Amino acid sequence: AVKKSGAGGYHYYAAGLNENARRRLALETDLRHALGRGEFELHFQPQADMQTGRLTGAEALLRWNHSERGLVMPGDFIPLLEESELILDVGAWVLEQACLTQRRWWREYGQDLVVSVNLSARQLDDPLLVDRVRAILDRTDVDPHRVELEITESSLVHNPEEAAATLEALKRLGLSLAVDDFGTGYSSLSYFRRFPVDTLKIDKAFVSELTRDPDTAGIVRAIIAMAGSLHCHIVAEGVETLGQLRMLRQYGCHWMQGYFLSRPLSVDTFDDLVRDGHRFPVAGDGDSAMAG
Ligand code: C2E
Ligand code: MG
Ligand code: MG
Ligand code: MG
């Protein structure tokens with residue numbers, strides 16, 4: 001109600017708000033102008049093959065360069081975007097930038113990498129989503145097989161029939177589909193057979209417990225085995241240590257992403273990796289035979 005009460009009403013109500021709510025309202029106001037002012041940018045976090053350390057692609061992660069606050073992280077503004085239609089325009093911008101960047105890696109460095117883009121539940125519900133995506137693919141001339149859309153478990157479960165139809169349509173455009181933060185939504189793996197999913201991203205909460213908690217290790221092992229039987233690719237998120245890497249590799253995990261390899265990087269820094277055909281060191285003591 002406060003939001004809709006117009007500029008005058010806003011100031012009136014704001015006087016009675018606590019600091020958090022005031023900050024939030026100010027952010028919301030600024031967010032409405034952020035796209036037009038060119039304040040968004042994408043960072044890219046490398047993904048690599050666990051066996052060889054070869055760079056396979058990157059996840060595009062949104063950052064907001066606020067004129068006074070500096071770099072604002074997605075946790076502080078994505079939820080606000082998702083409360084409004086703003087996420088639709090920003091989401092389209094993210095996808096277009098990611099596709100343009102993928103094309104550039106190919107054109108300038110001859111590297112055929114996969115770019116992953118997060119899709120919010122609100123975008124999945126947008127009846128124009130498939131048309132918007134098709135237009136972006138056409139405009140950027142990207143190879144859709146090298147573009148992966150990440151969808152969280154929770155955005156699939158609230159309306160599974162419609163979500164399945166949308167995902168089928170996106171698959172027909174040639175895109176890859178990933179389930180993000182897998183394991184946090186309490187749905188069973190067999191549930192995903194009804195969705196045309198190519199990749200499961202194991203949530204970092206599991207990865208961080210892996211070497212400490214045998215129960216978690218057992219769950220992760222089972223997820224990887226079952227995903228294999230569903231012909232899904234597995235990406236482990238949030239890999240921070242060599243111990244985690246080794247365990248995941250032993251369980252048959254394919255790809256990884258996490259601070260062990262690299263934090264999300266600015267476009268320029270990521271370009272340096274691509275240009276050099278970077279290989280990440282993934283073989284620790286005693287398993288050097290695994291790096292081919
Ligand atoms: P996500 O899609 O699960 O992305 C992975 C998050 O984990 C990123 O946080 C990344 O920086 C962080 N991360 C990666 N490796 C590690 C690690 O080894 N340890 C730890 N502790 N963290 C790691 P970030 O960039 O802050 O993004 C947070 C979330 O915001 C994303 O989670 C995603 O849900 C959302 N998000 C980011 N960009 C977009 C976007 O363009 N659109 C939408 N709809 N959501 C986005
Ligand atoms: Mg993601
Ligand atoms: Mg994730
Ligand atoms: Mg997430």
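Since this is a predicted model, take the numbers as computed values, not measurements. Every number for a ligand or one of its atoms is a count from 1 in the order of the listing.
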Could you tell me whether any N, O or S atom belonging to S116 is less than 2.8 Å from the Mg ion (ligand 2)?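 Of the N, O and S atoms in S116, none lies under 2.8 Å from the Mg ion (ligand 2), which means no.
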Any N/O/S of E150 under 2.8 Å from the Mg ion (ligand 2)?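 It does: E150 brings an N, O or S atom closer than 2.8 Å to the Mg ion (ligand 2).
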Verify, without hydrogens or angle tests, whether E83 (side chain) and L80 (backbone) share a donor-acceptor contact under 3.5 angstrom.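 No; judged by distance alone, with no hydrogens or angles, the pair does not exist.
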Are any of the side-chain nitrogens in R132 or D89 under 4.0 Å away from the carboxylate oxygens of its partner?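 D89 and R132: salt-bridged.
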Hey, is E82 close enough to R122 for a salt bridge, meaning N to O under 4.0 Å?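 Looking at R122 together with E82, the answer is no, because their closest N to O distance does not fall below 4.0 Å.
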D143 versus H145, side-chain donor and acceptor atoms under 3.5 Å: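 Yes - a donor-acceptor pair under 3.5 Å links their side chains.
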Going by atom types alone, do H43 and E41 pair a side-chain donor with an acceptor below 3.5 Å?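 Short answer, yes.
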Residue portion contacting ligand 1 (non-hydrogen atoms closer than 4.0 Å) for D181: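 The part of D181 near ligand 1 is the side chain, not the backbone.
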Side chain, backbone, both or neither: which part of L42 comes within less than 4.0 Å of ligand 1 when only heavy atoms are counted?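 Neither part.
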Which residue in the set E59, M256, R54 passes side chain to side chain contact (heavy atoms under 4.5 Å, CB included) when paired with Q47?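 The passing option is E59.
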So which of D30, L27, L62 actually passes side chain to side chain contact (heavy atoms under 4.5 Å, CB included) with F77?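 Output: one option passes, namely L62.
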Kindly assign one of parallel, tilted or perpendicular to the pair W105 and F44, based on the angle between their ring planes and the thresholds 30° and 60°.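 Geometry flag for F44 against W105: perpendicular rings.
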Check all N, O or S atoms of D181 and name the one closest to the Mg ion (ligand 3).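 It is OD1 of D181.
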Taking just the N, O or S atoms of D180, which one is nearest to the Mg ion (ligand 3)?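 For D180, the N/O/S atom sitting closest to the Mg ion (ligand 3) is OD1.
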Would you call [X] and [Y] a side-chain contact if the rule is heavy atoms closer than 4.5 Å?
X	Y	result
L210	Y251	yes
D198	H231	no
P46	Q257	no

Evaluate E148 against S116 for side-chain hydrogen bond (donor to acceptor under 3.5 Å, both in side chains), listing each step before the verdict. CA-CA 5 Å; E148 181 167 77; S116 300; 3.1 Å; yes
Among [options], whose heavy atom sits nearest [atom]?
atom	options	answer
atom 13 (N) of ligand 1	F77, Y259, W93	Y259
atom 25 (O) of ligand 1	R63, M73, H43	R63
atom 33 (C) of ligand 1	N118, V117, D203	N118
atom 26 (O) of ligand 1	P74, P46, S208	P74
atom 7 (O) of ligand 1	K204, R122, Q45, E237	K204

Can you tell me if E59 has a non-hydrogen atom under 4.0 Å from ligand 1?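 Contact check E59 vs ligand 1: positive.
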For G91, state whether at least one heavy atom is located under 4.0 Å from any atom of ligand 1.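 Per 4.0 Å heavy-atom rule, G91 does not contact ligand 1.
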Show which atoms of ligand 1 fall inside a sub-4.0 Å distance from at least one heavy-atom site of [X].
X	value
P264	11 (O)
S120	44 (N)
E240	17 (C), 18 (O), 19 (N), 20 (C), 21 (N)
V94	41 (O)

Taking distance alone, with no angle check, do Q257 and ligand 1 share an N/O pair under 3.5 Å?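 No; every N/O pair is 3.5 Å or more apart.
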Is G258 close to ligand 1, meaning an N/O of one under 3.5 Å from an N/O of the other?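 In this structure, G258 places no N or O atom under 3.5 Å from an N or O of ligand 1.
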To the closest 0.5 Å, what do you measure between CZ (R104) and OH (Y109)?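 Rounded to the nearest 0.5 Å, the CZ-OH separation comes out at 5.5 Å.
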What N/O/S atom of E59 is the closest to the Mg ion (ligand 2)?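 Per the distance ranking, E59 contributes OE2 as its closest N/O/S atom to the Mg ion (ligand 2).
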Quick check: does E237 have an N/O/S atom under 2.8 Å of the Mg ion (ligand 3)?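 Yes, within the cut-off.
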